[in-house]
Amino acid sequence: MFELLKSYKEKDPAASSLIEVLLTYPGVHAIFFYRISNSFYKMKLKLLARLISNIGRFFTGVEIHPGATIGKRLFIDHGLGIVIGETAIIGDDVTLYHQVTLGGTGKESGKRHPTVGNNVFISGGAKVLGSINIGDNVKVGANAVVLKDVPNDCTVVGIPAKIVRRNGNKVREAL
Amino acid sequence: MFELLKSYKEKDPAASSLIEVLLTYPGVHAIFFYRISNSFYKMKLKLLARLISNIGRFFTGVEIHPGATIGKRLFIDHGLGIVIGETAIIGDDVTLYHQVTLGGTGKESGKRHPTVGNNVFISGGAKVLGSINIGDNVKVGANAVVLKDVPNDCTVVGIPAKIVRRNGNKVREAL
Amino acid sequence: MFELLKSYKEKDPAASSLIEVLLTYPGVHAIFFYRISNSFYKMKLKLLARLISNIGRFFTGVEIHPGATIGKRLFIDHGLGIVIGETAIIGDDVTLYHQVTLGGTGKESGKRHPTVGNNVFISGGAKVLGSINIGDNVKVGANAVVLKDVPNDCTVVGIPAKIVRRNGNKVREAL
């Protein structure tokens, strides 16, 4: 938890102390609620897990299904309106802004939410939908709608999302 | 209300019991608050109606104006950030995801919000604006901005929204 | 404050009395919390300012950093999901809808959020990102992503946003 607080302070230029981060960052509170609800989920206490998850949603505006799998140092900035589905998998050092959705398309069963690699940055309002893979070091632009796999080291933007940068070079490719 | 709970359980693959739906689905709670506020609105107790509507918004993150007209079995998934305007009309068996807006353009008076048909599916973040008609069996893609009428059996996506499917066949048509 | 309430009543066709505006408009409450948190911020009581700002976010769903600079008669409609960054500057008579972001790109330090002119209208879900200038009388369309300066008297829409109206005439120009 201390590691998490430190990573928040480093990433946000507006943060001035660890105590400020602990008290006033809804993203930190959301991860705290998720860790508890996820423990109950793993013990098969699903109703209790969902209740705690809902309390977390009420206090933070961030909705993380207790069944989601989340790596280390997830940075949730602002956070209000985020939705993370039951079968979503998130790697380490991922940044999610407010209103980001890791959701389903309604057409799949079983694994129906995205798998997100390490060091991924997803900007505000982006919707990543379906059982797709988002590679490492990917950036997703604000309000983008991502419906297909994204390779490593790419930046994607728009509706539907297209690749506009690959390994730091400008491109214009369909996914 | 029982019919509503059952329809939620059928539509969400993550729901495992009716009691889970009743306790942990903000969409169900939002409709509950709306039914009460709408009753007071019809009795011309508008201030009371608005107060109850606001309490509903506080607890669920879903903002439904008490004057809106809503059909049977509305399925609100996640729901946070939804805005439904005073003169919006929604048919039966409609699905609305989080951050969907059925709003106005600021240019109309009187009827200034959309009329949505039956069996319509509106994905997360979509904005449907103005006194327009959305036909039956329409699907609206994530983050789409719909400003014109949409015929029956079409799928629309993008900003501004274009038709990409009509009766199940791929097309590319302006609205 | 009375001036603010009156401007809300004039701008919203669904508002029927000043007391309704005072009691049931989260946008009014959000500005109230901001004025308090901003006072503490100016006294360098930053932690207290952030705490009050967070309480405002909890009750209204509107997140305004205490350091933001806001002009007269800001009209926040619906409001849930709005994020306004620390170094954002907003002129007079601006209208912001729900889910509007005046945020950063993560690439700048110091002044890293937008400066918005007078009489600007920003529609639901729009993201205005980076230390850019939005001119007077500008309209930003729903779900638009604005990453560059916008001149006076223009309407911009899409991802990334392009100019579609200038001085009331239809155009199609890159920013």
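Note on naming: letters A, B, ... go to the chains in the order of the sequence lines (proteins, then strands), and numbering restarts at 1 for each one. If you're wondering where the values come from, they're calculated on a predicted model, not measured in any experiment.
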K.L.:
Would a 4.5 Å heavy-atom cut-off, applied to side chains only, mark C:Arg50 and A:Tyr25 as touching?
P.N.:
yes

K.L.:
Can you tell me which portion of A:His98 sits under 4.5 Å from chain C's heavy atoms? Options are side chain, backbone, both or neither.
P.N.:
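Side chain of A:His98 only, per the 4.5 Å heavy-atom cut-off to chain C.
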
K.L.:
Checking heavy atoms, do the side chain of A:Gln99, its backbone, both or neither come under 4.5 Å from chain C?
P.N.:
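Only the side chain of A:Gln99 comes within 4.5 Å of chain C.
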
K.L.:
Which one of C:Glu86, C:Glu63, C:His65 has the most heavy-atom pairs closer than 4.5 Å to chain A?
P.N.:
C:Glu63

K.L.:
Going by heavy atoms in the side chains, are C:Val83 and A:Leu80 under 4.5 Å from each other?
P.N.:
no

K.L.:
So, the side chain of A:Asn143 versus the backbone of C:Ala126: is there a donor-acceptor pair under 3.5 Å, distance only?
P.N.:
no

K.L.:
Would you find more than 12 non-hydrogen atoms of other residues, nucleotides or ligands less than 6.0 Å from C:Phe121 atom CZ?
P.N.:
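Buried by this count: over 12 neighbours within 6.0 Å.
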
K.L.:
Picking from A:His78, A:Glu20, A:Lys11, which has the most non-hydrogen pairs under 4.5 angstrom with chain C?
P.N.:
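Looking at each of A:His78, A:Glu20, A:Lys11 in turn, A:His78 comes out on top.
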
K.L.:
How long is the span from the OG1 atom in A:Thr60 to the CZ atom in C:Arg57, to the nearest 0.5 Å?
P.N.:
6.5 Å

K.L.:
Between C:Thr87, C:Thr101, C:Ile55, which residue shows the highest count of heavy-atom pairs closer than 4.5 Å to chain A?
P.N.:
C:Thr101

K.L.:
Is there a donor-acceptor pair under 3.5 Å between the side chain of C:Arg112 and the backbone N or O of A:Pro13?
P.N.:
no

K.L.:
Contact part of A:Phe58 toward chain C, heavy-atom cut-off under 4.5 Å: side chain, backbone, both or neither?
P.N.:
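For A:Phe58, backbone and side chain are both near chain C.
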
K.L.:
CD1 of A:Ile159 to CD1 of C:Ile159: how many Å apart, nearest 0.5 Å?
P.N.:
4.0 Å

K.L.:
Is there side-chain contact between A:Pro26 and C:Asn54, with heavy atoms separated by less than 4.5 Å?
P.N.:
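Yes; the side chains approach each other to less than 4.5 Å.
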
K.L.:
Could you tell me which non-hydrogen atom of C:Leu129 sits nearest to which non-hydrogen atom of A:Ala142, and how far apart they are?
P.N.:
CD1-CB, 4.0 Å

